[in-house]
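In what follows, chains are A, B, ... by sequence order, proteins preceding strands, each numbered from 1.
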Amino acid sequence: MSKILSYEKKDTWIHELSGVTKLLFFLLWCVVSMVSYDTRILVVMVVLSFIIFRMSKTRWQQVGTVFKFVLFFLIMNLLFVFLFSPYQGTEIYGTKTVLFHIAGHYDMTKEQLFYEGNMILKYMTVVPAVFMFLVTTNPSELAASLNKIGVHYNVGYALSIALRYIPDVQKDFAKIKNAQAARGIEMSNKAGLLQRIKNVSAILFPLIFTSMDRIDVVSNAMELRGFGKYRKRTWYSSRPLQRNDYLVIVFIVVFTIAAFVITFWDGSRFYNPFV
Amino acid sequence: MEPIIEFKNFTFRYQSQKEPSLRDICLSIYPGEKVLIVGPSGSGKSTLAHCINGLVPFSFPGEVTGELAIAGENPKELGIFGMSKHVGTVLQDTDGQFVGLTVAEDIAFALENDRVSTEEMHRRVLEAAACVEVEGLLDHAPGELSGGQKQRVSMAGVMVDDVEVLLFDEPLANLDPLTGKRTMEQIDRIHREKNKTILIIEHRIEDALCIDVDRVILVNDGQILADTTPNELLAGSLLAENGIREPLYITALKHAGCKITEEQNPQHMETIELGEMKTSVQEWLKKTKQPELFHRADSILRVENLSFSYEKGKNVLADISFDIKAGEMISIVGKNGAGKSTLSGLICGFYTPDQGNIYWKNQDISALSIKERGEKIGFVLQSPNQMISKPMIYDEVALGLTVRGVPEAEIKERVDAILRICGLYPYRNWPVSALSFGQKKRVSIASILVLNPEVIILDEPTAGQDYRNYTEIMEFLRAMNQRLGVTIIMITHDMHLMLEYTDRALVVADGKLLADTEPASVLTNEELANQAYLKKTSLYDLAASCGILDPTEFVKRFIAFEREERRKQDV
């Protein structure tokens, strides 16, 4: 389980990029994908996403489970959009081309299909980008990157510390859960739901107390080694930007501007093939 | 020469406490000295360390009177960050103080905070790592390291800053004995090569004295009781009087009626001049009784050909077999990560074995759930904080019965009975938070005993405890073993515990059962002790030096004698 969506060291130009570059790319890419309903741009982005995804040599095992999960949500999302507003597409595009009647006041329209098709495209542009950012960025670089784009190092380091201690807390949790189960405090489905909720406290309180002890040690250890001494700090794992980094940054900035220009050329964020 | 650390009539009281934790301390430590600070829990030795590294008064506020100078400067003016430029601290919790995601980042932490450039940082990290021989592990995550390696990383993390003083807070607390010995040797090497001032806080004096130190400072009740050479301290009786365990060879010599003097150089077993004392030891051996043979009862827990792996192909345990008899006190020993905890997890049903069977009174128990096994085999975690979930003592002990739906009246009866046996009855309506560590430990054991298990397994019952707490916990367990007839299995790397309180030791190393024998035999067999990351006991060397032909027998008699003495005191 711990291996899913976690960083894996590989030898590709994407892994070589600095964390800052990837963070910038990831943020701008998501902004474009969220704002734009321009099908032409979305199609280009999907194609690019999949090309980059292939180049990063990400294995299916790393992301498969989460991808299926996302797919499930996508399908639910599409279904609910149709159930609650079957004429959203018609409203947006201003025409109504009924393909066939379903039942009651539900008609399948070309516009709705097109609208929901765009939603699928949006998912498909963002999801590979998220995956890639996570599996190709060394978590050590994350804090440094956040700090470089202007986030205070306290925030970046909090993230780093969380990543550092999550496995330890997981270990504590398993230990406590097992010991309490041996005392008869069961969390498995043999116990009723109400009982289970009550039993959670038998694991949660010891876990919280153990974690508090740990926080004491960690904060003392950090203070003793000068954390918070200055308003700025440097990072062992920050990498200087290379030629490829500049190329990617230039590309994503140009791409973002171009995408916005094309999207809003006609004054709306929707590309309308129906008029 | 100017002292690098100087206390003058220094008194400190924590804001939350009425009485001062340190009283009228006068102490000078000079550059390049190697000083051992000893004292029982609550003696003030940790507070003393906190004053030196600046946690007092900057993180733990309180009232200071008198003077303290670090490198000639006033801590108040330096602040905690200024102090950290002079004094580097290695804490005892090897996991907690590892703040980096990888070894390199952890070592670099102080430099990052000091805004050192990335290139310079890489150079200095490599240098510091090489100094403690972890340069091959730079991109490893803490989860991939052993306790000893983590500790070396922490050392590199303070040395990277080129501090003058290195302060080690109980460096041996979380390590197995052999790793502990290597740590002490590492500290000694740093002292020689880098010419730092070294302060070591420890109460395991025999283990700490495996290297030469210039001075030992004994702290108790917030005061300095002795500031002298190890030889003088060991010759006197101050250690024993203040709840510090003397080295075993010293205790043995004292039992034999020897008067140890400073001139005999008693600081190491290797250096002590025994002279006349050899005959006294031999005489004493003749007077001691042969230990009573243990009566083997019926099998209560039998393990046959047990194998287990978390990942396919990587056996954590391979082909383990042993048989535990009812009423035994037994220890499972071996280095950290050798599979001891996994073994107890298999017995309790937390994991399912790949191969092999576990029998309870000759009945296969593979079909029983964790809960069902828990009624026969209780499991107690290392720290009581990991188990206690109720604010009141009574409720905590009753919890296991409440969830099983036992009627209220019966719960009260059983809980009261167990609280009486455990000596907790007077506190039954107290909040858990008002108890000492030893009492909390008793509560966590009582909450298991109330289920009437016939076997209890304890994970590291005395880890990190001083001699007084250790004795309290272990005497309690022995009493439970005798009064209730509970079979007690302890996972430990404490050699004293295994030697003094258990009749049999299972030695596990690299997933295999290396030995199933008497503890005295494990600690007198150098090869076996090394494989299990234990150390040969100094009693063995003493016996050998005194010309005793069967040193193992000597160790056994010593232990039997000690038990007898302790029992006399109880009556």
Between [X] and chain B, with a heavy-atom cut-off of 4.5 Å, which part of the residue counts as in contact: side chain, backbone, both or neither?
X      : result
A:D216 : neither
A:D213 : side chain
A:I161 : side chain

Measuring from [X]:[atom1] to [Y]:[atom2], what's the distance to the nearest 0.5 Å?
X      : Y      : atom1 : atom2 : value
A:D172 : B:N385 : CG    : CG    : 11.0 Å
B:L399 : A:N199 : CG    : CG    : 8.0 Å
B:L101 : A:L163 : CG    : CG    : 6.0 Å
A:I203 : B:Q386 : CD1   : CD    : 13.0 Å
A:T210 : B:L381 : OG1   : CG    : 9.0 Å

- Message: Test side chain to side chain contact (heavy atoms under 4.5 Å, CB included) on A:Y165 and B:V99; report intermediate values, then the result.
- Response: CA-CA 8 Å; A:Y165 290 100; B:V99 293; 3.9 Å; yes
- Query: Which one of B:G143, B:G54, B:P142 has the most heavy-atom pairs closer than 4.5 Å to chain A?
  - Reply: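 When all of B:G143, B:G54, B:P142 are compared, B:P142 has the most.
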- Closest-packed option against chain A by number of heavy-atom pairs under 4.5 Å, given B:K85, B:H122, B:Q97: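 Looking at each of B:K85, B:H122, B:Q97 in turn, B:H122 comes out on top.
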- Query: For chain B, which of A:N178, A:D168, A:V217 has the most heavy-atom pairs under 4.5 Å?
  - Reply: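 The candidate making the most pairs under 4.5 Å is A:N178.
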- Taking every heavy-atom pair that is under 4.5 Å apart, which of A:A179, A:P167, A:S140, A:S160 has the most such pairs with chain B?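 Of the options given, most contacts go to A:S140.
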- Just grab all the salt bridge (Lys or Arg N to Asp or Glu O under 4.0 Å) pairs involving residues 173-183 of chain A, residues at least two apart or on different chains.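 Qualifying pairs: A:R183-B:E396.
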- In residues 220-248 of chain A, which residues are in contact with chain B at a heavy-atom separation under 4.5 Å?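 Against chain B, the residues of residues 220-248 of chain A that fall inside the cut-off (heavy atoms, under 4.5 Å) are A:N220, A:A221, A:M222, A:E223, A:L224, A:R225, A:G226, A:F227, A:G228, A:K229, A:Y230, A:K232, A:R233, A:T234, A:W235, A:Y236, A:S237, A:S238.
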